[in-house]
Structures are given as structure tokens and as C-alpha cells.
2 protein chains.
Amino acid sequence: MKYSTRLADAAHVMLFIHNAKAPAISSAEIAKSICTNPAYVRQLMAKLKAAGLLLSTRGAAHPQLTRDPADISLLDVYNAVEGGKPLLHLDTHVNPECNVGVYIQYALDAHYADVQKAAEARMAKITLADIYGTFLDLCEKAQVTPPCQSGT
Amino acid sequence: MKYSTRLADAAHVMLFIHNAKAPAISSAEIAKSICTNPAYVRQLMAKLKAAGLLLSTRGAAHPQLTRDPADISLLDVYNAVEGGKPLLHLDTHVNPECNVGVYIQYALDAHYADVQKAAEARMAKITLADIYGTFLDLCEKAQVTPPCQSGT
DNA sequence: ATATCATGTAATTTTGAAAATTGCAAGCTG
DNA sequence: CAGCTTGCAATTTTCAAAATTACATGATAT
């Protein structure tokens, strides 16, 4: 399949909104930055809203974060848009008549959980403020002025 | 896309071979356990071989692990079959004319690397012997006799 | 108040990476 | 030699995600 870029796109949406100086930001504007379509952006925003990370109102183009970026972790965003989907996937289609096959996957399941936990623990420590900070650093190093939503 | 189950399948192959008492194990036999086809199993085995985890000879059905399962980590297997493919994926198709979009993804990249490192560090601590141990425990709890390659 | 632009959401189509399949040359083994 | 096997390349199928389409509902400004 295609790789899921929902976490990257959702973080993009959140940071784009945070970075915006203008009061009004439409899904169309955000979509242009991600090179996608407004409906997809709104789907992401709906999930972020359901997770309590974003506020938005029908008909009005002024979304806003519910909390300070320092209080929103990458894990929050991950849970919002990937909803429990694991990073590693078992092969659930093994031969049910083969005990070895069945129980090897069960055994793997237990250890996959540890990897998932480690990844999530790390994501919990990364905040949107951290990412935004890195963003500003990179922009400075490249001598680029952040705002683009006014121009493009 | 489909989810990749290569890591789970490759671990399955390794443990199936380790668990086998019979000297001869064909790719067809392993494939039956994973509910797949021999060619796919051989593709995985080719990668495991290239990574130095497995020995096999053309024409002869007697593969064997190159090291003790206690000396083979889940990360070894992951690197062998996923070859540097990350767990999280950036959105590389952003608008190149939007600095915000471009640099947000660059910033994310840096933090994704930390998550990847954490996951890999955890995988490095899990050995095939650990997984095989869990496998035996689960079999015992379920009162199931492990070997299946003799029967099915 | 009404024309215009936004959101929210469902339904459908397209895309793309992985698995499945096919085919066959090369090699072991009885 | 006959009947297995592996190794590997090429093709087809699968299926989750993204893209697209459509439209009802709601805001906003002139």
C-alpha cells in the first residue's frame, strides 16, 4: 500500500496553524502547503478535533489549537490520527492447523508490544513546541523567513 | 498498501527452522505454516542469508541459523528484511514553494529519527531466544505440543 | 438577505507498496 | 537419470491510504 503519512500531515496541520499570524486559515490554504486537497486536511482536522487537540467551527475558517504546543506531544497527534494502529504488524494469516505457526505469532505479539511501548514513550517526550523549535532553527540556518501563507 | 509482515514472517522462518527437529526443512514446508507460497519464503530467506543470519544451499533443503538464537536480535532480522525502511514516514510530497511546509517536514525528520532510534534500541534487546522462550511458555500454558512440521 | 465562501462528512476512485504467483535455470540426492 | 530442491526474476493481485467528488450545513460580508 501507500505509506501512511497521516502523522506527518497532522503535525504539519497543527504547526501550520500555530505558525500562522493571520486569524483566518482555511483548509484550502493548508492543503496547498501539504500539496493535497482540502477534504483530506479536513479529515485530519476532524480527527484532531475528536481527540481534543483542535477547535474549529463549521463554515468559519479559524481553527485553533486547544492547548499550548508545549503541552501537545507527538504521541497525542499519533493517537489522534492513527488511532491504535501499531508500527509493526504481525502476520495474522498463518495456518491455524500449525501450532508452531500460531504460537510463534502470539509470542511475537508480546515482544512487539515492548517495541511499541518504547516508540510511544519516545513520542510522548516530543512536543509540538520541540518540533516548532527545530523548525525555527532550520529556517534560520537556511536563512529563510518562515511565513508562507501570506504569499503562496 | 498492504501492511508489511516481513519482519513477522522472517522471524517465523528463523524460529521454525530453529524449532525443527528434522534435518530437512523445505521452503514449501515453511510456507505451509505461514500460509504463503514457497517463493516468498525463499525471498525472505535470501535476505536473511545476505545479512549473514542464515545458511542454505541451492537444491538442498537444509537451512540453518548461523548463530545461536540468543545472539540474533529482532533488530538483526528487521535490518535484514526491511533494510532501513523507517517505521514512521514523512510526507515528502509537500509544496516546494512553501517554506513552512518544507521546513516543518525537515524538522519532523529530526524527531522521527529519535523515535526510530528508541524502537531500534528496544528491538536490539529482544533476541530470537527470547521469542522462542515466550513461544514455549505459551505452548505450555495452552497445553499444546510445539512440533507441527512432522504432522501438518 | 442573499451571494459567497467554509466546514463536515460520506462515497467513490486512484495510487502504490507488499504479497502472491508464475516460470525456469541450476543444483542436490536417491 | 528422475524427481526433488533452491535461487531469482518478472508479472499479477491485493488492499490500505490518499485523492477526489459531491453536497448539506453554517458563517460572513457587502
Side-chain angles (χ1 to χ4, degrees), chain A residues 1-10 12-13 17 20 22-32 34-51 54-64 78 81-95, chain B residues 1-10 12-13 17 22-51 54-64 78 81-95:
Chain A
M1 70 184 162
K2 274 184 175 176
Y3 292 135
S4 173
T5 55
R6 282 200 291 265
L7 176 56
D9 291 334
H12 195 133
V13 167
I17 291 168
I25 306 138
S26 67
S27 58
E29 220 170 336
I30 301 173
K32 208 179 288 180
I34 310 187
C35 260
T36 184
N37 58 83
Y40 174 60
V41 170
R42 292 199 291 271
Q43 281 168 16
L44 290 175
M45 288 174 75
K47 293 192 179 200
L48 292 166
K49 193 177 179 180
L54 196 70
L55 288 177
S56 64
T57 44
R58 181 192 286 254
H62 41 70
Q64 59 186 69
Y78 172 77
V81 297
E82 294 290 7
K85 200 198 73 183
L87 294 170
L88 292 171
H89 296 270
L90 295 175
D91 189 343
T92 54
H93 185 50
V94 296
N95 186 346
Chain B
M1 72 183 163
K2 274 185 173 175
Y3 293 136
S4 173
T5 55
R6 282 201 290 265
L7 177 56
D9 291 334
H12 195 132
V13 168
I17 291 169
I25 306 136
S26 67
S27 59
E29 222 171 334
I30 301 174
K32 209 179 286 179
S33 172
I34 311 186
C35 259
T36 184
N37 58 82
Y40 174 60
V41 170
R42 292 200 290 271
Q43 279 169 18
L44 291 175
M45 287 173 75
K47 292 190 180 200
L48 292 167
K49 193 178 179 179
L54 196 69
L55 289 178
S56 64
T57 44
R58 178 193 286 251
H62 41 70
Q64 59 185 68
Y78 172 77
V81 298
E82 295 289 7
K85 202 198 71 182
L87 295 169
L88 292 171
H89 296 269
L90 295 174
D91 189 343
T92 55
H93 184 51
V94 297
N95 186 346

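Just so it is clear, the structure is predicted and the values come from calculations on it, not from any experiment. Below, all heavy atoms of this structure are taken into account, side chains as well, without hydrogens, waters or symmetry copies. Lettering follows sequence order; numbering is per chain, from 1.
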Could you state the CD1-C1' distance from B:I25 to D:dC4, rounded to the nearest angstrom?
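Rounded to whole Å, this separation is 16 Å.
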
Using whole Å, what does the distance between atom C1' of nucleotide D:dT6 and atom NZ of B:K49 come to?
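Atom-to-atom, B:K49 to D:dT6, this comes out as 8 Å.
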
Restricting to non-hydrogen atoms, name the atom on B:A31 and the atom on B:N37 that form the minimum distance, rounded to 0.1 Å.
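Residues B:A31 and B:N37, closest heavy atoms: CB-C, 3.6 Å.
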
What pair of heavy atoms forms the shortest contact from B:H12 to A:V94, and how long is it?
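Reported closest heavy-atom pair: CE1-CG1, 3.9 Å.
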
Given protein heavy atoms under 4.0 Å, the one-letter contact record of nucleotides 14-20 of chain D, with B base, S sugar-phosphate only and - none, is simply BBBSSBB

Quick check on D:dT28: is either OP1 or OP2 less than 4.0 Å from any side-chain nitrogen or oxygen of A:H62?
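Affirmative; the distance criterion is met.
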
Checking A:T36 now: which residues fulfil side chain to side chain donor-acceptor pair (under 3.5 Å) with it, not counting sequence neighbours?
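Checked A:T36 against side chain to side chain donor-acceptor pair (under 3.5 Å); zero matches.
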
Checking B:Y3 now: which residues fulfil side chain to side chain donor-acceptor pair (under 3.5 Å) with it, not counting sequence neighbours?
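By the side chain to side chain donor-acceptor pair (under 3.5 Å) rule, B:Y3 matches no residue at all.
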
Find the distance between [atom1] ([X]) and [atom2] ([Y]) and round it off to the nearest 0.5 Å.
X	Y	atom1	atom2	value
B:K47	B:L54	NZ	CG	14.5 Å
A:L7	B:D91	CG	CG	11.0 Å
A:D9	B:L90	CG	CG	10.0 Å
B:M45	B:I30	CE	CD1	5.0 Å

Pairs under 3.5 Å (N/O, protein and nucleotides 24-26 of chain D):
{"unit_1": "D:dT25", "atom_1": "O4'", "unit_2": "A:R58", "atom_2": "NH1", "d": "3.1"}
{"unit_1": "D:dT25", "atom_1": "O2", "unit_2": "A:R58", "atom_2": "NH1", "d": "3.4"}
{"unit_1": "D:dG26", "atom_1": "N2", "unit_2": "A:G59", "atom_2": "O", "d": "3.4"}

Using a 4.0 Å cut-off to any heavy atom of chain B, which nucleotides of DNA chain C are the first and last in contact, reading 5' to 3'?
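Under 4.0 Å from chain B, the extent on DNA chain C is C:dG16 to C:dT29.
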
Check side-chain contact (heavy atoms from CB on, under 4.5 Å) between A:A61 and all other residues, then give those that pass, not counting sequence neighbours.
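Result, side-chain contact (heavy atoms from CB on, under 4.5 Å) vs A:A61: A:S26.
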
Using atom types as modelled and distance alone, determine if a side-chain donor or acceptor of B:K49 lies under 3.5 Å from a backbone N or O of B:S56.
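Looks like yes, one N/O pair under 3.5 Å.
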
